Novice: 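Below you'll find the structure I mean.
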Amino acid sequence: MGALNTSDNPNVLVGLDTGDDAGVWDLGNGRALISTVDFITPLVNDARMWGQIAAANSLSDVYAMGGKPLFGLNLVGWNNDELPSSMLSEVLAGGLEIAEQAGMAIIGGHTISDPEPKYGMAVTGEVDPDKMLTNAGLKPDQDLILTKPLGVGVITTAIKAGIAGKEIINAAVASMIQLNDIASQVAVSAGATGATDVTGFGLLGHLGKMTLTSNVDAVLDVGNIAFLPSAKLYAEDGVIPGGTRRNLAWVEHQIDAGSYGETDLLLLADAQTSGGLIFGVDKAKTDSACAELNERGIAAVAIGETHAGTGTIRLR
Ligand code: CO
Ligand code: CO
């Protein structure tokens, strides 16, 4: 998309040029619409769970902008020759459960015939443009807060290989279907201006994009970063998705790894589906923001800090 010429429309507050989580359209009078779309292939065998994951994943970019979702449209690719329509009903029921939890209406959708199933949503949300969170909004000398553990890519690769046990699967699914609504609200009320959700490019990829566009460096306290159960063990055994390796290759020139080795770096670059938010807050707000998130059931931790800079991520 970067190669396309896009017109300058004054209503576009966030468009294609900054690679942000969603587009934002100014309505005037302190109101703006957020628009985003996402769909995924199946990650788990349970149809309803997959629907829940896909819906939470589609909603996440609205929360990553500091907004609230209003309504969504279902997007479905379905293999009618091999899969019963009752299974599709389960997928859509899972999506609806998550939409209801988010207070969002589903008002339409579209289905096509597709050999490999796909499900997601186009979501429209609303944000106060003065309180919007963007990739370019990190400031120097802030703490960085991450709101979910990493390792989804490794775990879903283990699921596809048939080696992940039930408890491990359940922990990963619980993390993926957890909405980023509370994380977003707490980030906004703590005065954050820079945030993104950790998804396909992994923590290092998304943070690398943020540090470049925000003109800061980041220092990560690797020991503070939480991982899903068994993610480290699988990674050490080489259970690493291709996307995770590509993420690391893409961002490696920005990384000062210190004494950390390749497996650590791959875990930090692991491609996530429906990952948590990472946002920056002034240091005086860190403890209260983390305490509120933890109280409300979000496993948020401070994982490092920013300094004025040019996009380097140093691991310590
Ligand atoms: Co995003
Ligand atoms: Co997305």
Side-chain angles (χ1 to χ4, degrees), residues 1-2 12-25 32-41 43 53-70 72 75 98 102 104 118-127 131-138 144-153 156 175-188 192-214 218 241 243-244 246-247 250-251 268-280 298 300 303:
M1 290 298 283
V12 177
L13 298 181
V14 178
L16 282 174
D17 45 341
T18 53
D20 226 301
D21 293 294
V24 182
W25 180 268
L33 284 179
I34 299 175
S35 186
T36 177
V37 58
D38 225 309
F39 52 87
I40 58 173
T41 54
L43 299 171
I53 293 166
N57 184 62
S58 297
L59 280 157
S60 182
D61 280 328
V62 171
Y63 297 126
M65 302 303 289
K68 75 173 172 78
L70 299 173
L75 295 168
I98 294 297
M104 177 181 80
K118 297 173 186 76
Y119 176 52
M121 291 179 189
V123 180
T124 299
E126 183 171 12
V127 67
K131 293 178 180 168
M132 192 164 65
L133 307 173
T134 66
N135 277 352
L138 291 178
L144 294 168
I145 295 175
L146 176 66
T147 68
K148 286 187 189 179
L150 303 178
V152 165
T156 53
S175 179
M176 286 188 278
I177 66 175
Q178 183 178 62
L179 291 175
N180 283 325
D181 53 349
I182 294 169
S184 177
Q185 290 158 17
V186 171
V188 170
T193 53
T196 197
D197 56 340
V198 180
T199 53
F201 298 125
L203 173 66
L204 290 182
H206 286 284
L207 183 60
K209 204 155 65 169
M210 291 182 89
T211 55
L212 283 176
T213 53
S214 302
T244 294
R246 287 192 291 278
N247 287 344
W250 181 70
V251 73
L268 295 174
D270 188 37
Q272 306 296 285
T273 299
S274 198
L277 297 191
I278 179 162
F279 60 93
I298 312 294
I303 61 160

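Numbering of ligands and ligand atoms starts at 1, following listing order. Nothing here was measured: the structure is a model prediction, and the numbers come from that model.
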Novice: Can you name the N, O or S atom of Asp197 that is closest to the Co ion (ligand 1)?
Specialist: OD1

Novice: Please determine which of Asp38, Asn180, Asp21 meets the side-chain hydrogen bond (donor to acceptor under 3.5 Å, both in side chains) test together with Ser60.
Specialist: Asn180

Novice: Verify, without hydrogens or angle tests, whether His206 (side chain) and Val198 (backbone) share a donor-acceptor contact under 3.5 angstrom.
Specialist: no

Novice: From the Co ion (ligand 1) out to just under 2.8 Å, does an N/O/S atom of Asp20 turn up?
Specialist: no

Novice: Please report the interatomic distance CD1(Ile98) to CE(Met121), rounded to the nearest 0.5 Å.
Specialist: 9.0 Å

Novice: Does Lys209 reach the side chain of Thr196, with side-chain heavy atoms less than 4.5 Å apart?
Specialist: no

Novice: Among the N, O or S atoms that Asp21 has, which is closest to the Co ion (ligand 1)?
Specialist: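 Closest to the Co ion (ligand 1) among those atoms: OD1.
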
Novice: By atom name, which N, O or S atom belonging to Asp61 lies closest to the Co ion (ligand 1)?
Specialist: OD1

